[in-house]
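Below is one structure, written out as structure tokens, with a few remarks after it.
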Number of protein chains: 2
Amino acid sequence: MTDRPIPPRRPMTLRDVSEASGVSEMTVSRVLRNRGDVSQTTRERVLEAAKDLGYVPNKIAGALASSRVNLVAVIIPSLSNMVFPDVLGGITEVLDETHLQPVVGVTNYRPEREEKVIYEMLSWRPSGIIIAGIEHNDACRKMLTAADVPVVEIMDVDGDPVDSVVGISQRRAGRTMAEAILKQGFEQIGFLGTQMPLDHRARKRFEGFTETLARRGMEVADQEFYAGGSALKKGREMTETILGRNPDLDFLWYSNDMIGAGGLLWCLEQGIDIPGRLGLAGFNGTELLDGLPRKLATMDAGRRETGREAAKIIAGRADGTLTEPKRVEIEPTVAFGDTLRRYKP
Amino acid sequence: MTDRPIPPRRPMTLRDVSEASGVSEMTVSRVLRNRGDVSQTTRERVLEAAKDLGYVPNKIAGALASSRVNLVAVIIPSLSNMVFPDVLGGITEVLDETHLQPVVGVTNYRPEREEKVIYEMLSWRPSGIIIAGIEHNDACRKMLTAADVPVVEIMDVDGDPVDSVVGISQRRAGRTMAEAILKQGFEQIGFLGTQMPLDHRARKRFEGFTETLARRGMEVADQEFYAGGSALKKGREMTETILGRNPDLDFLWYSNDMIGAGGLLWCLEQGIDIPGRLGLAGFNGTELLDGLPRKLATMDAGRRETGREAAKIIAGRADGTLTEPKRVEIEPTVAFGDTLRRYKP
DNA sequence: CTGAAAGCGCTAACAT
DNA sequence: ATGTTAGCGCTTTCAG
């Protein structure tokens with residue numbers, strides 16, 4: 001056995017497949033992209049050679065040459081929020097039918113991270129951007145506009161979108177919830193939410209809520225906020241605190257289902273009559289609520305549908321089917337569950 | 001005002017910044033990458049021009065020229081599982097200190113999707129791959145090996161890793177849990193889990209569990225599986241079913257905390273003495289459990305730490321600090337909570 | 001400290 | 001149906 005020096009391992013290229021199959025690089029490229037007419041024989045020969053070598057095309061080179069990138073940037077504030085995985089599910093569902101691929105970036109609700117993530121994503125020249133929220137700082141807006149890429153802002157339609165927008169009106173959601181609560185005759189309403197000045201969606205919801213109360217000459221009787229920790233536990237604690245401070249409250253609205261669930265559990269343990277003595281509602285329409293002792297009222301924000309619609313817009317833009325910015329407002333629906341309806345219908 | 005035809009909008013390049021700043025493309029490139037010596041004056045001039053134009057470098061071209069990509073592919077089965085966002089948190093925490101960027105791909109526990117995601121990710125020539133699980137089909141293993149990229153398989157160390165591996169031994173976790181349960185004198189043990197032949201980690205855990213029982217001449221008295229739907233609700237239903245069928249059970253082990261929580265809630269409603277009459281335990285050490293009426297026993301799988309260690313390995317490989325494959329076994333710990341300890345310590 | 005030339009691995013646009 | 005040529009926008013390398 002001769003002892004020839006091993007040449008340094010060079011990354012594999014089209015050329016290797018070309019040589020292995022005895023076909024020009026161009027034809028190999030055609031086969032690998034199912035493009036143009038290639039004879040059945042050549043096609044098979046190439047495919048076999050490629051598979052045999054374990055060849056994976058270099059999309060970096062491909063993208064540079066074709067100025068086409070099949071990536072869709074999805075920028076969201078958090079993964080642990082329950083709602084974002086759902087949106088992502090809707091996006092994936094639609095993109096799976098196309099040649100497009102979602103790529104996720106997380107900002108942790110921090111504007112400076114959002115800026116960095118957008119910059120980073122844009123530097124890969126994606127086919128589209130789906131981004132949570134409609135509030136972005138100037139730098140972000142500038143980048144998104146200048147990039148000349150389809151942009152879909154999601155989960156909030158109250159404001160001035162960069163391009164397309166899909167989601168519920170958070171303000172309207174707040175109003176609708178307030179109306180539902182008032183209609184049931186509740187009057188002393190407490191609000192419990194996250195301490196997040198940067199969660200604009202929660203803020204707008206709250207604004208819509210108070211606005212409707214104000215129109216009837218009412219206001220939120222008490223509020224309580226939390227940050228960090230187990231949302232379920234915080235829900236308990238905040239509920240105990242707010243009711244301790246203000247025993248006359250007859251309704252509690254929670255800014256998300258998880259803290260609402262915590263509150264519900266605590267109230268049941270205390271033997272509080274729900275919803276006779278105290279009504280409760282959460283927000284998001286989380287699946288989780290199905291397993292609680294009593295079904296917490298909530299509001300479905302159409303997360304999955306939001307994801308689907310956003311993805312459809314990007315896909316439409318990518319294949320030229322769609323050329324204009326689009327605005328899709330999703331209708332949020334109140335789920336009364338067992339904790340909001342005081343009077344039997 | 002003259003009516004000159006607007007030239008077609010061409011994507012912005014280094015050249016535009018070069019012209020705007022009156023400096024060669026090469027120097028602009030140097031400034032933008034903080035590379036080499038550039039005079040303070042030139043640097044500022046370039047930076048201003050770039051910012052002014054809203055220039056975002058084209059990483060595709062950069063990566064092609066330098067064969068350096070700052071992306072780390074993170075491939076996980078699901079986002080709605082609670083555990084993966086935590087791992088991702090650990091990964092991000094470490095990568096944030098570097099120039100590397102995580103990019104997430106989701107497989108939905110489907111091997112054919114895993115294959116596709118790996119292929120797609122590899123085609124972008126990432127600096128590393130972090131992938132959940134150690135079980136991959138031949139095509140996947142072949143790609144991962146051939147790619148000549150640092151690979152870290154996570155969350156399971158029982159098997160033959162492609163390269164590096166970080167996580168708990170799922171089998172050992174099952175054994176440890178069995179020992180803890182037996183030590184408390186429980187004897188009629190039921191198991192409740194997900195109906196997922198492809199969730200190898202759950203399977204191995206179960207195998208370790210039964211193995212330990214077998215060593216004492218015991219076996220799992222009954223089992224129940226579910227697929228899809230609200231885990232909390234399924235936990236309730238399964239618990240009712242299994243206890244209905246087999247009232248003599250004195251312990252239930254759930255393959256995840258969410259169904260465990262459902263079971264716990266149901267049992268408490270039924271007035272079952274926990275853990276006197278019936279012991280319960282989940283798995284994962286989820287934060288969620290903090291808010292339950294009683295604290296469910298569980299096992300912390302060190303998710304965040306797993307993410308951190310995996311990211312450290314990739315970072316080390318990327319900067320040349322680390323050259324050998326590494327194996328990091330994380331120690332899972334039993335959290336007794338209020339539902340496992342029969343006798344006060 | 002700055003610039004010029006060559007080329008990364010692929011594909012568009014033409015040949016043939 | 002297949003091959004040839006000329007870049008894509010950047011970075012590497014080498015010269016000033």
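Letters A, B, ... are given to chains in the order of the sequence lines, protein chains preceding strands, and every chain is numbered from 1.
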Roughly how far, to the nearest 0.5 Å, is CG of B:Leu88 from CG of A:Leu79? 5.5 Å
For A:Arg35 and D:dA1, is the shortest distance between a side-chain N/O and OP1 or OP2 below 4.0 Å? no
Identify which nucleotide among D:dG3, D:dT12, C:dG3 has an atom closest to any side-chain atom of A:Val23, counting heavy atoms from C-beta outward. D:dG3
How many angstroms lie between CD in B:Glu114 and CD1 in B:Ile75, if you round to the nearest 0.5 Å? 7.0 Å
Ignoring backbone atoms, test whether A:Thr27 places a side-chain nitrogen or oxygen under 4.0 Å from the OP1 or OP2 oxygen of D:dT2. no
Would the number of heavy atoms belonging to other residues, nucleotides or ligands and lying under 6.0 Å from CZ of A:Arg110 be above 12? yes
Does a nitrogen or oxygen in the side chain of A:Arg68 sit under 4.0 Å from OP1 or OP2 of C:dT11? no
With a 4.5 Å heavy-atom cut-off, do A:Lys51 and A:Leu47 have their side chains touching? no
Without decimals, in angstroms, what is the distance between A:Glu25 CD and C:dT11 P? 10 Å
All N/O pairs under 3.5 Å across the protein-nucleotides 13-16 of chain C interface:
none

With rounding to the nearest 0.5 angstrom, report the OG to CD1 distance, A:Ser66 to B:Ile60. 8.5 Å
Without decimals, in angstroms, what is the distance between B:Trp124 CH2 and C:dC10 P? 13 Å
Can you tell me how far apart CG (A:Leu53) and CD (A:Glu48) are? Round to the nearest 0.5 Å. 10.5 Å
To the nearest Å, give me how far apart CG (B:Asp37) and C1' (C:dG3) are. 15 Å
For A:Ser29 and A:Arg33, test the side chains for any donor-to-acceptor distance below 3.5 angstrom and give the result as yes or no. yes
Check whether any side-chain N or O of B:Ser29 sits under 4.0 Å from OP1 or OP2 of D:dC10, and answer yes or no. no
Given D:dT2, is OP1 or OP2 found less than 4.0 Å from the side-chain N or O atoms of A:Thr42? yes
What's the closest nucleotide to the side chain of B:Ser39 if the choices are D:dC10, D:dT12, C:dT2? C:dT2
With the side chain counted from C-beta on, respond yes when B:Ile129 and B:Leu122 share a heavy-atom pair under 4.5 Å apart, and no when they do not. yes
Whole-Å distance between C:dG3 P and B:Arg15 CZ? 14 Å
Does the side chain of B:Arg33 get closer than 4.0 angstrom to OP1 or OP2 of D:dT12 through an N or O atom? yes
Euclidean distance, A:Arg317 CZ relative to A:Asp163 CG, rounded to 0.5 Å: 4.5 Å
Report the end-to-end axis angle of the helix from C:dC1-D:dG16 to C:dT16-D:dA1; each axis comes from five terminal pairs, and the value is rounded to 10°. 30°
Within this structure, what is the CG-to-P distance between A:Asn70 and C:dT11, rounded to whole angstrom? 12 Å
Any non-hydrogen side-chain atom of A:His136 less than 4.5 Å from a side-chain atom of A:Ile131? yes
Each nucleotide N or O in nucleotides 6-9 of chain C that has a protein N or O under 3.5 Å away: list the pair and distance.
{"unit_1": "C:dC8", "atom_1": "O2", "unit_2": "B:Leu64", "atom_2": "O", "d": "3.4"}
{"unit_1": "C:dC8", "atom_1": "O2", "unit_2": "B:Ala65", "atom_2": "N", "d": "3.2"}
{"unit_1": "C:dG9", "atom_1": "N2", "unit_2": "A:Ala61", "atom_2": "O", "d": "3.2"}

Before you tell me yes or no, could you show the steps for B:Glu135 and B:Asp156 under side-chain contact (heavy atoms from CB on, under 4.5 Å), namely the whole-Å CA-CA distance, both residues' side-chain angles and the distance that decides it to 0.1 Å? CA-CA 9 Å; B:Glu135 257 84 33; B:Asp156 182 4; 3.9 Å; yes
More than 12 foreign heavy atoms under 6.0 Å from NZ of A:Lys59: is that the case here? yes
